[in-house]
Amino acid sequence: MNSAKTSIIAGLALMAAGVLLLLDLLGILDSAALVWPLIFAAAGTAFLTLFFRSRDDWWAAIPGSVFLGLAAVILVTQLWPGPAAYWAGASLFLFMGAGFAAVYVREPANWWALIPCGVMLTLSLVVALPPAWGGMPVAAGLFLGLAATFAALALVPVRPEHRPGPAEAFPGPHGQPGQQAPAEPARMKWPLIPAAVLAVLGLIFALQATVLLTASEFFVPVLLVLAGVALLIYAFRHRAGGHHKAHGV
């Protein structure tokens, strides 16, 4: 984006902010709460304009989504301080997740953007959970969401030159130096490892958050009682068998 267009957006945003402050000071309109959302929205719009105009400026989607998310949070919490404000924090993470998703959509070589995208979406879900679900359910949702993020990453085809680690090479003809091996996009396997670990942790927290844990607390003592009964039955049967053999039965 050139300096002229940047100046136009900044000038319009400053003029609108000044007008809103004047209306609030004159008592015509209670508009002071709209100033900061307007400034953040203008900044986010400027970055997104830069993102859409140039393919090389994929990074602009990240600050653009953050500024728009901040504008939405402030606007919701000040204008609707009731139940709607409860979802304000989740909306910020949703905007940020959308920004990282846009980075990947614009340039698939930026597969790494799917990781913070999944993290932001997971945090939006965790923040949106009811307060009564604190503790184990929150931990279960967090770990399962992160596991789903890495599992989804394992399904994304990535070109060899964009994968982590050294690129494979094949020997050139007549002893020439090796060249980078051309290959079709393939799925990465390493994300399955953190996905499995996080899924196990998430399932553990999920089990602890359910009634199954209450039932499992009785498992060990009941198992001990049953084992003791089995040993007593075995002992009595062993003694009865030895008694019969001693009498030649």
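FYI, the numbering just counts along the sequence from 1. What you see is a predicted model, and the numbers here were worked out from it, not measured in a lab.
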Which atom names give the shortest non-hydrogen contact between [X] and [Y], and what distance separates them?
X      : Y      : result
Gly69  : Leu92  : C-CD1, 3.6 Å
Ala140 : Ala206 : CB-N, 3.6 Å
Ala90  : Val127 : N-CG1, 3.8 Å
Ala199 : Ala147 : N-CB, 3.5 Å
Ser65  : Phe95  : CB-O, 3.1 Å
Met96  : Val66  : CG-CG2, 4.0 Å

Is there a path of hydrophobic side-chain contacts, each under 4.5 Å between heavy atoms of I, L, V, M, F, W or Y residues, that connects [X] with [Y]?
X      : Y      : answer
Phe150 : Leu144 : no
Val103 : Leu94  : no
Met188 : Leu192 : no
Ile62  : Trp111 : yes

[X] side chain near [Y] side chain, heavy-atom distance below 4.5 Å:
X      : Y      : result
Val156 : Tyr104 : yes
Trp112 : Val158 : no
Trp190 : Leu153 : yes
Arg106 : Phe52  : yes
Leu68  : Leu48  : yes
Leu125 : Leu142 : no

With rounding to the nearest 0.5 Å, note down the distance linking [atom1] in [X] to [atom2] in [Y].
X      : Y      : atom1 : atom2 : value
Thr45  : Leu38  : OG1   : CG    : 9.0 Å
Trp58  : Asn110 : CH2   : CG    : 4.5 Å
Leu75  : Leu70  : CG    : CG    : 12.0 Å
Phe143 : Leu201 : CZ    : CG    : 5.5 Å

Using atom types as modelled, flag every donor-acceptor pair under 3.5 Å from a side chain in residues 114-122 to any protein atom, sequence neighbours excluded.
{"residue": "Thr122", "atom": "OG1", "partner": "Gly118", "partner atom": "O", "Å": "2.7"}

Students often mix this up, so state it plainly: with edges at 30° and 60°, are the rings of Phe67 and Phe40 parallel, tilted or perpendicular?
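Aromatic pair Phe67/Phe40 classed parallel.
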Exercise. Side chain of Ser54, backbone of Leu50: donor and acceptor closer than 3.5 Å?
Worked result: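 No: the side chain of Ser54 does not pair with the backbone of Leu50.
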